There are 2 protein chains.
Amino acid sequence: MGDTWSALADPTRRAILHLLRHQNRTAGDIAGHFAMTKPSISHHLGILRQAGLVTAQKKGQQVEYALNTTVFQEILGFIAQLTEGEKEA
Amino acid sequence: MGDTWSALADPTRRAILHLLRHQNRTAGDIAGHFAMTKPSISHHLGILRQAGLVTAQKKGQQVEYALNTTVFQEILGFIAQLTEGEKEA
DNA sequence: ACTATATTTAGATAATTTTCTAACTATTAA
DNA sequence: TTAATAGTTAGAAAATTATCTAAATATAGT
């Protein structure tokens with residue numbers, strides 16, 4: 001399992017996650033939103049998949065990607081640790 | 001202002017933030033906790049400072065670093081966007 | 001003024017990452 | 001079975017990053 005933090009460090013990958021916010025999308029659909037080749041997007045999708053941030057499911061000829069938000073717990077936990085015991089504005 | 005996400009992508013930098021969780025610490029104190037040279041830690045501190053995740057204040061001969069948690073809003077906002085409209089476990 | 005301590009800056013090297021083109025695999029359609 | 005479409009894999013080049021040693025700066029003490 002790859003590192004969540006470094007998967008999120010790249011702006012293209014964060015934009016991909018944002019694209020998947022409301023709908024699942026095929027690899028080609030996703031690639032269509034970026035000024036980048038398909039292999040590059042495929043690489044980014046692989047990293048997101050390894051980090052568990054997306055899941056991939058083959059649908060005939062295409063591969064449908066979906067957001068998986070459960071992984072964010074790790075990040076929220078880290079931030080909670082650092083911000084615990086603070087008062088609100 | 002440097003990028004918050006990439007500042008947090010490095011495990012050494014996250015460990016530094018964790019060290020600053022309850023107390024402010026000098027650069028040397030921080031460096032003492034890692035199997036890494038002082039210049040390397042100084043470099044990481046610079047990146048954290050640029051990202052606004054820590055503040056630095058000169059205290060005589062030393063430099064005291066403190067955690068700044070306000071920057072986490074950006075990250076929490078991103079995650080909130082992606083997780084909005086989900087039910088709880 | 002010298003010496004010691006704390007920290008940063010500079011420059012180099014090694015490792016990692018991003019992106020590309022070309023080639024490959026799998027599925028669908030003619 | 002041949003051709004077209006969707007996607008991934010392989011390999012290379014360019015850029016970025018992490019780390020080191022050596023040198024520089026700033027403060028404090030003798």
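Quick note: numbers below take in every heavy atom, side chains included, and nothing from hydrogens, waters or symmetry partners. Please read all numbers here as calculations on a predicted model, not as lab measurements. Residue numbers begin at 1 in each chain, while the letters A, B, ... track the order of the sequences.
When hydrophobic clusters are built by joining Ile, Leu, Val, Met, Phe, Trp and Tyr residues whose side-chain heavy atoms come closer than 4.5 Å, directly or via intermediates, B:Leu17 is grouped together with B:Leu19.
Regarding contacts with the backbone of C:dT9, every side-chain N or O of B:Ser42 stays at 4.0 angstrom or more from both OP1 and OP2.
Taking atom CD of residue B:Gln62 and atom P of nucleotide C:dA4, one finds them 19 Å apart after rounding to whole Å. Atom CG of A:Leu8 and atom C1' of C:dT18 are 17 Å apart (whole Å). Rounded to whole Å, atom P of C:dT9 lies 15 Å from atom CD1 of B:Ile41. Rounded to whole Å, the distance from CD1 on A:Ile30 to C1' on D:dA6 is 13 Å. The CG-P distance, from A:Asp29 to D:dG7, rounds to 9 Å in whole Å. Separating the CG atom of B:Leu45 from the C1' atom of C:dT9 is a distance of 14 Å, rounded to the nearest angstrom. Between B:Arg49 atom CZ and C:dT8 atom C1' there is a gap of 9 Å when expressed in whole angstrom units.
A donor-acceptor pair under 3.5 Å is formed between the side chain of A:Thr83 and the backbone N or O of A:Ile79. Not one N or O on the side chain of A:Asn68 forms a donor-acceptor pair closer than 3.5 Å with the backbone of A:Thr55.
B:Leu8 places a side-chain heavy atom less than 4.5 Å from the side chain of B:Phe72.
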Nucleotide N/O of nucleotides 1-3 of chain D paired with protein N/O under 3.5 Å:
none

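Note: B:Trp5 and A:Trp5 have tilted aromatic rings, judged against thresholds of 30 and 60 degrees for the angle between ring planes.
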Give the B/S/- string for nucleotides 15-30 of chain D, one per nucleotide from 5' to 3', where a protein heavy atom under 4.0 Å of the base yields B, of only the sugar-phosphate yields S, and otherwise -. ---SBBBB---SBS--
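A salt bridge links A:Arg21 with B:Glu84: the distance from a Lys NZ or Arg NE/NH1/NH2 to an Asp or Glu carboxylate oxygen falls below 4.0 Å.
Closest approach of A:Leu20 and A:Val54 over heavy atoms only: CD1-CG1, 3.8 Å.
Contacts of B:Tyr65 with the nucleic acid, taken as non-hydrogen atoms under 4.0 Å apart, involve only primed sugar atoms and P, OP1 or OP2.
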Any chance you could lay out the side-chain contact (heavy atoms from CB on, under 4.5 Å) test for B:Ile41 and B:Thr12, step after step, and finish with the verdict? CA-CA 9 Å; B:Ile41 295 297; B:Thr12 300; 4.2 Å; yes
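Residues B:Thr4 and B:Glu74 bring a donor and an acceptor atom of their side chains to less than 3.5 Å of each other.
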